[in-house]
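The block underneath contains the structure these notes are about, expressed in structure tokens.
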Amino acid sequence: MTKGAFRALYQYPLMKKVFLSFLLILLPCLAACAPQGGKVSASLFAMDTYMQLDIYGSQTDLDAAEAEIQRLDRLFSSTAPESDISRINNAGTAVIDDDTLGLLSRSLELCEMTDGYLDITVYPIVERWGFISKNYSVPERGELESLLKNVDYKRVSLNSAEILPEGFKLDLGAVAKGYTADKLKGLLKSRGVGSAVLNLGGSVLAYGKKPNGEDWRVGITDPADTEKYMGVIACSDKTVVTSGDYERYFERDGKRYCHIIDPKTGYPADNGITSVTVVSDDGTKNDALSTALFVMGADKAREFIAADGSFDCVILTADKKAYITEGLTDSFTLSNTEYETAVIRG
Ligand code: ADP
Ligand code: MG
């Protein structure tokens, strides 16, 4: 149709009405559909780690998720001087946000559940090894013994005027990202988002399914070659949390000291485990357990897992064993066949 012919046709009143109605119907549809269905992504640094957010939703959904992460980081940080945790650590008590109180109370339950292998008062030890300042050094055993007098989650009291005794300090590093994953799940749900994958530096929220209806595929880093995955877990509506010896460590005299501490000895866990991945729909519990199981060592961890039965797990060891719970046998795919797999049965 030539320009002239189109102008001639358009001048017919009926055609004009049809064309306008068509535009009126089409435009709102385009406006409503475009931002909802598309993927919006962001990379950020928070909670001392790099995070990657991929949400099938709008830019406002993404902004809200980012703002929530920053808000929780400001509450839970052990190093930011104005955080709820720093204010408790400095003064023994403080007026704190409901989220901080909620996470502290849940963490104390998880310390109890893991028989103190998770201990949120381990901060003085973490600090002494240099994991806060990055000024690392190996302490004398006697020094650790005296610091351990100020490590015991049972001495934290959320219901009295003094939350912490003198010399005690809290560290939510082992649970903060899992809790954040749980909060983000609630946020996405309340905003009507159906599909997202949020990697909070080793804590992955696989929310809903992929837009094409398939499961998300979450890679498990190979601790022996952190550029590669040793395997992949297919899942939906789950949080997958890994604690690995490669996340933060230093080396002295050929020995690796990692940031996961045995609260009973004051030394970094050194029992042959190189990573623990925990899978369930409870991110806070997964984060707590990935740290605690790492400290327990493979034998005790396998007993704990079999007795509990409420979560799935992959434990990797330096001698390339992969212990996998029965619940993951269908969804786990081994990528690195140097690993010898064994099933943990309940
Ligand atoms: P990541 O932070 O690398 O994901 P984790 O969830 O295992 O790893 O948390 C490790 C952090 O938790 C350490 O950096 C330290 O601050 C703290 N931490 C170390 N050991 C323990 C422990 N046994 N119980 C509680 N917190 C711990
Ligand atoms: Mg953890």
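Counting convention: from 1, in listed order, for ligands and their atoms alike. Computed from a predicted structure; not experimentally measured. Worth knowing before you read on, the calculation uses all heavy atoms, side chains too, and leaves out hydrogens, waters and symmetry mates.
Residues T242 and T277 have side chains that bring a donor and an acceptor to within less than 3.5 angstrom of each other. Judged purely by distance below 3.5 Å, without hydrogens or angles, the side chains of S58 and D61 pair a donor atom with an acceptor atom. In the model, T274 has no side-chain atom that pairs as donor or acceptor with a side-chain atom of D245 under 3.5 Å. The closest side-chain donor-acceptor pair between D119 and T121 falls under 3.5 angstrom. S43 and Q52 form a side-chain donor-acceptor contact under 3.5 Å, judged by distance and modelled atom types alone. S310 and D308 share a donor-acceptor pair across their side chains, judged by distance under 3.5 Å alone.
Ligand 1 lies within reach of Y117, whose nearest heavy atom is under 4.0 Å from it.
Seen from the ring of Y323, K321 does not count as a face-on cation partner, given the 6.0 Å and 45° thresholds.
Under a 4.0 Å criterion applied to the non-hydrogen atoms of V122, ligand 1 contributes the atoms 18 (N), 21 (C), 26 (N), 27 (C). Below 4.0 Å from some heavy atom of I260 lie the following atoms of ligand 1, by number and element: 7 (O), 19 (C), 20 (N). Close approach to P263 involves these atoms of ligand 1, each under 4.0 Å from a residue heavy atom: 23 (N). Short contacts between ligand 1 and K177, defined as distances under 4.0 Å to a heavy atom of the residue, involve ligand atoms 1 (P), 2 (O), 4 (O). Of all the atoms in ligand 1, the ones that sit under 4.0 Å from a non-hydrogen atom of L118 are 24 (N), 25 (C).
Looking only at protein heavy atoms, the nearest one to atom 9 (O) of ligand 1 is A174 CA, 3.3 Å. Given atom 5 (P) of ligand 1, the protein heavy atom at minimum distance is T291 OG1, 3.4 Å. Among all non-hydrogen protein atoms, the one lying nearest atom 6 (O) of ligand 1 is D287 OD1, 3.0 Å. The closest protein non-hydrogen atom to atom 25 (C) of ligand 1 is D119 O, 3.2 Å.
By the 3.5 Å distance cut-off applied to N or O atoms, E247 is not counted among the residues near ligand 1. Close N/O approach between I261 and ligand 1 is found [any backbone or side-chain N/O within under 3.5 Å]. Residue contacts with ligand 1: S290 is placed with no nitrogen or oxygen under 3.5 Å of a nitrogen or oxygen of the ligand (distance criterion only).
None of the N, O or S atoms belonging to G178 lies under 2.8 Å away from the Mg ion (ligand 2). Taking 2.8 Å as the criterion, S243 does not count as a coordinating residue of the Mg ion (ligand 2), since none of its N, O or S atoms falls below it.
Side-chain N or O atoms of Y339 include none that pairs as donor or acceptor with a backbone N or O of D222 at under 3.5 Å.
Exactly one residue among S203, S275, S243 makes a side-chain hydrogen bond (donor to acceptor under 3.5 Å, both in side chains) with S290. That residue is S243.
Rounding to 10°, one obtains 90° for the angle at the Mg ion (ligand 2) between O (D287) and O (A174).
By the 30° and 60° cut-offs, the orientation of the rings of F131 relative to F250 is tilted. Using a 30° and 60° split on the angle between ring planes, W129 and Y267 fall in the perpendicular class, above 60°.
For atom 3 (O) of ligand 1, the choice among H259, R248, M296 with the nearest heavy atom turns out to be H259.
Contacts of D171 with ligand 1, taken as heavy-atom pairs under 4.0 Å, involve the side chain alone.
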